[in-house]
Protein chains: 2
Amino acid sequence: MTAIATQTRSDRRKVLEAALEAVQLRDQFSPFKESPSKKLHGEAAPRLGKERFQARLGKPFELDQPGEIGRVGEAEISPYTRKPLGIDYPRCDKDALIKAARAAMGSWAATRPDTRADVLIEMLFELEKDTFETAHATMHTAGQGFVMAFSGSGANALDRGLEALVYGYKAQMDVPDTARWTKRFLDPEPVTLDKRYHRVPLGPAAIVCCATFPLWNAYPALTANLMTGNAAILKPHPSSILPTAMAVATCRRVLDRAGFDPNLVLLATDSPDQPVTKELIAHPDCRIIDYTGSQRFGTWIEQNAGDRLVFTETAGCNSVVFHSAQDFEKAAGAVVRAMSSFSSQMCTAPQNYFIPRSGVRSGDRVIAYEEAVQILVSAIDRVAGDNATGAAVCATVQAESTLGNVEAMTARGEREGRILRHASPVANPDYPDARTCSPVLIESEADNEDFYGEERFGPIGFVIPVETAEEGVERATRQARSRGAISSYLYSTDEDFIEKALPAYIAAGASVSVNIDGGMPVNFMAAYSDYHVTGLNPAGNASLTDLAFVAPRFRVVQTRRKTG
Amino acid sequence: MTAIATQTRSDRRKVLEAALEAVQLRDQFSPFKESPSKKLHGEAAPRLGKERFQARLGKPFELDQPGEIGRVGEAEISPYTRKPLGIDYPRCDKDALIKAARAAMGSWAATRPDTRADVLIEMLFELEKDTFETAHATMHTAGQGFVMAFSGSGANALDRGLEALVYGYKAQMDVPDTARWTKRFLDPEPVTLDKRYHRVPLGPAAIVCCATFPLWNAYPALTANLMTGNAAILKPHPSSILPTAMAVATCRRVLDRAGFDPNLVLLATDSPDQPVTKELIAHPDCRIIDYTGSQRFGTWIEQNAGDRLVFTETAGCNSVVFHSAQDFEKAAGAVVRAMSSFSSQMCTAPQNYFIPRSGVRSGDRVIAYEEAVQILVSAIDRVAGDNATGAAVCATVQAESTLGNVEAMTARGEREGRILRHASPVANPDYPDARTCSPVLIESEADNEDFYGEERFGPIGFVIPVETAEEGVERATRQARSRGAISSYLYSTDEDFIEKALPAYIAAGASVSVNIDGGMPVNFMAAYSDYHVTGLNPAGNASLTDLAFVAPRFRVVQTRRKTG
């Protein structure tokens, strides 16, 4: 199929089969390299990746796409250096893009699912080759730290892509190619029909990406669409175009080499003052929308997309309820690290800490409420404060407006609650101009849900004193139901308490981690195993990955005729 | 589980497994009795069914449902006798119904899919027991002939129900109950998590049924919802309540006997002057809508249902293209019979006949255009004219307004085209007052698409002369794309022509029957084998049955904790 394949067809088939088995067992699996270690990649790879990234700065990014009508890119400003990347990208007419995407779908949709899976697995491994460069591109647009960028735009994103690919493959293979059907009607002679079932994609699709994780949600949407025969137009956030543009270029190259129309994957760029998303998704031929970003815009799309197929992953009001713990300090350290990581710009970061006024049992003693609060504050200081690890953990704040959120919540906290810990810049020795911010921690009365009871984007945490842990569960799950939640956290050593609490989370569509206090990032979501976003509350209507994420993207047209 | 089960659990399991195999092969299958023959049902069954139906007339229909606020039923007037059925049904407050439906879902959703499948298969076989009575109820509300009513509200509908059930079962079983997941992070000691996956339904669902086929689409929507853990509120057309009310009563009895809340299946009635559908589906807790009915209202729902999950099956502009035939008279007879059957009130009935001006090759001669037209007219006369079989084939016209359509199209045909055959009453010896109508056949210029290029509901056919059969395919598939089509028909003895034509149908999302000219009703759609409605054109967004019809009705909430 291609002269310079990274893998043979039988290698790719093995990857497909292993991934199919992994999603059936929802077991740990990955064919990709998660760590940037030189032991895995060789001495030169990190340096070469960085050099390739640097060589892109200040130059036009060329993509041979139809309908180019201008150039954009001025909104890409590194949160590390605060300097523009100086790259410009083609801005293409949306009608031309959608027309090209539609035209590209014909022969792709008619290709056997096996062949499509082959090409897409090849594509994922080709994308992996660029991971060092992609990591730098992600750092200097999304603002992530290098290690997170390497895994989050590399293996972890590719794994989500492969996961969605195998679900799409499963859904396609559920439809047989043909059937021979025989039935007796009134005549003594039965009728036999030969039937052919054609899998027809619904698209094209528009994939609207977010600024802080440009590829992690893009890859699964991309493979879900391509695997089911659809073309995809990726619309990156205007401040994070580069990682997506690089991925689109690689996808187009792989498709072209494999003999397919590269317009199956297209880039739609825009600028903050001339946004294109609403126009793009309102186009009558845009039939599928994959959206990652703010809940406000996500909900607007869900409500206004008419008869289009819409998949959203937005944000929620993630909670931690402390009832009791084997070791409260360990538990506090685990959740606080998740909050500090990338300055709470991950959709799984905890925000609201419900602590009983009567304190939290930890091992054989009870930690009083005020002491528990101080332990949380100290834990933030330790992980995010002005020390050597802070810069790596907190990374940067992607958007200036997020600092505005922190200021506004702090001001409101001063009026309506109590500031337990002030936000502060995080020293970054490599990038003295980096836009950084350690978390603010605010105490709020439990009844002031208008204050803390929704997502407050950025490094903002709330401590909410409750009469009992049960009250915490009640409030946390009610807010999950009404305002959304992606990850919830519960700590208790009392099995009866846990068993009584879990049904409330389940009913709220809120996935919950119980008593995870270390050994791993508590908010780590594993492809093939963890369902990410339930689709059951306002944090999104789609899940990575279930059959619902792939099955509606194509339908079956049948032809039938009498045999003989 | 139940003291008076019709089948043992192992019998039901065999039915489930056989149906699972049938949908995988899309083979002929049915565990239900399609024919009303006394040989299958015994001497007494037909008489008893009719007596039970008659015993219901003029009496209140009791259903022990929450929130009863009145009685309705005055719009049920038999199209056979033109007399009111005189039955009244509870009208319940929509808020009370939705609240009860939500409350009923808890323990049902927490029940294992196997157990749910057991109860639902039992339910289908219990529904089958009432088929004779249901057939009479369908005749005197929907207006179908007895044989069609027996199969269409009996075995054929139950088969669609079982088909959707097994798809729902497959989708549920694709999610494992638990996983044990182990991964090494930075510590040398790997982390192991125990994960539990909870299938959580999205509903409750509202199932909006149509007047002419009250159960055929209701059963698959019902089982798709129940199998995935949802409660369902059935909203029958006010002129066809009885079949649905009977089914709801049976479902509630089966659920109750099996130890589940009967409010998993509820009836929402209304009257023509106080319709409830829009209010019901606008309720914030109504999360799923299954709709069968007019394209106009179906499209309105698709456009206006916001973030609800919507499944529609509406209507299309079904075409027949004649290129050539082994035996044109046979082919014409087959499609004309499908048009005459139940006076074109089936969504698979052909409407538009494209005939080349140069004629149609039939065997070794060419039938001139005018002769072809006359063959169609004669075929209609033969099957639907004033003869012994007409009443059984054409049955009745469900709604007075449909006769208005026939009149309006006839008047327009007289101005804009040519009336090839006038509609006329069909004598019915058993029911002299029956509302009947044989098809009108109108010739229209091909360019007058505004006239024939959309669904004209009722016994209305158009003959459209085209320069070539290719032009017929082009027009038919373009109209399918823009106006919808559920069943298309193509006749040609030229394999090259067929191979060139099929991609146009596939691209339009229009399933097509090729050269079927007898031995079976050409528009017969078999559960387990034929995908009914593609979901790819305006005739509906859902298909019976694919994974897309079931998978989005539930999602997964996970709980995870460290082992040990």
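The shown structure was predicted, so the numbers you read here are calculated from the model rather than taken from an experiment. Just so we're on the same page: letters track the sequence lines, and every chain starts at 1.
Note: B:Trp181 CH2 to A:Arg26 CZ = 12.5 Å, rounded to the nearest 0.5 Å.
Options A:Asp546, A:Asn304, A:Val556 differ in how many heavy-atom pairs under 4.5 Å they form with chain B, and the most are formed by A:Val556. Between chain B and the options A:Lys183, A:Met105, A:His198, A:Lys170, the largest number of non-hydrogen pairs under 4.5 Å is found for A:Lys183.
At a 4.5 Å heavy-atom cutoff, A:Arg184 makes no contact with chain B through either its backbone or its side chain. If you measure heavy-atom distances from B:Val175 to chain A, the contacts under 4.5 Å come from both the backbone and the side chain. Contacts of A:Ala510 with chain B are made by backbone atoms alone, with heavy-atom separations under 4.5 Å and no side-chain atom involved. Contact annotation for A:Asp27: both backbone and side-chain heavy atoms come within less than 4.5 Å of a heavy atom of chain B. For A:Leu502, the part lying under 4.5 angstrom from a heavy atom of chain B is the side chain only. Neither the backbone nor the side chain of B:Leu309 comes within contact range of chain A; no heavy atom of the residue lies under 4.5 Å from a heavy atom of that chain. Looking at B:Thr182, the atoms closer than 4.5 Å to chain A (heavy atoms on both sides) all sit in the backbone: N, CA, C or O. Heavy atoms of B:Arg180 lying under 4.5 Å from chain A belong exclusively to its backbone. Of the atoms belonging to B:Arg199, not a single heavy atom falls under 4.5 Å from chain A. Residue contact with chain B, scored on non-hydrogen atoms closer than 4.5 Å, involves the backbone of A:Pro201 exclusively. Interface residue B:Asp174: backbone and side-chain heavy atoms are both found under 4.5 Å from chain A. Only the side chain of A:Val191 comes within less than 4.5 Å of a heavy atom in chain B; its backbone stays farther off.
Taking A:Arg560 as the reference, A:Leu193, A:Lys195, A:Gln558, B:Ser513, B:Ile516, B:Met520, B:Met525, B:Asp530 meet the side chain to side chain contact (heavy atoms under 4.5 Å, CB included) condition, with sequence neighbours excluded. Qualifying salt bridge (charged side-chain N to carboxylate O under 4.0 Å, His left out) partners for A:Arg308, counting only residues two or more places apart in sequence or in other chains: none. Evaluation of the ring-ring contact (aromatic ring centres under 6.0 Å, His included) rule for A:Tyr491 yields A:Phe322 as partners, not counting sequence neighbours.
Both tests pass for B:Arg553 against the ring of B:Phe549: distance under 6.0 Å to the centre and angle within 45° of the axis. Under the 6.0 Å distance and 45° angle rule, A:Arg481 does not count as a cation-pi partner of A:Tyr505.
Residues B:Phe311 and B:Tyr291 place their aromatic rings such that the two centres sit no closer than 6.0 Å.
In this structure, A:Arg561 does not pair ionically with A:Asp194, as no charged nitrogen and carboxylate oxygen lie closer than 4.0 Å. In this structure, A:Glu499 pairs ionically with B:Arg196, as a charged nitrogen and a carboxylate oxygen lie closer than 4.0 Å.
Taking 4.5 Å as the heavy-atom cut-off, the residues of residues 537-545 of chain A that approach chain B are A:Asn541, A:Ala542, ordered by number.
The environment of A:Gln303 atom CD is dense: over 12 non-hydrogen atoms of other residues, nucleotides or ligands sit within 6.0 angstrom. Within a 6.0 Å sphere centred on CD of B:Glu189, heavy atoms belonging to other residues, nucleotides or ligands number 12 at most.
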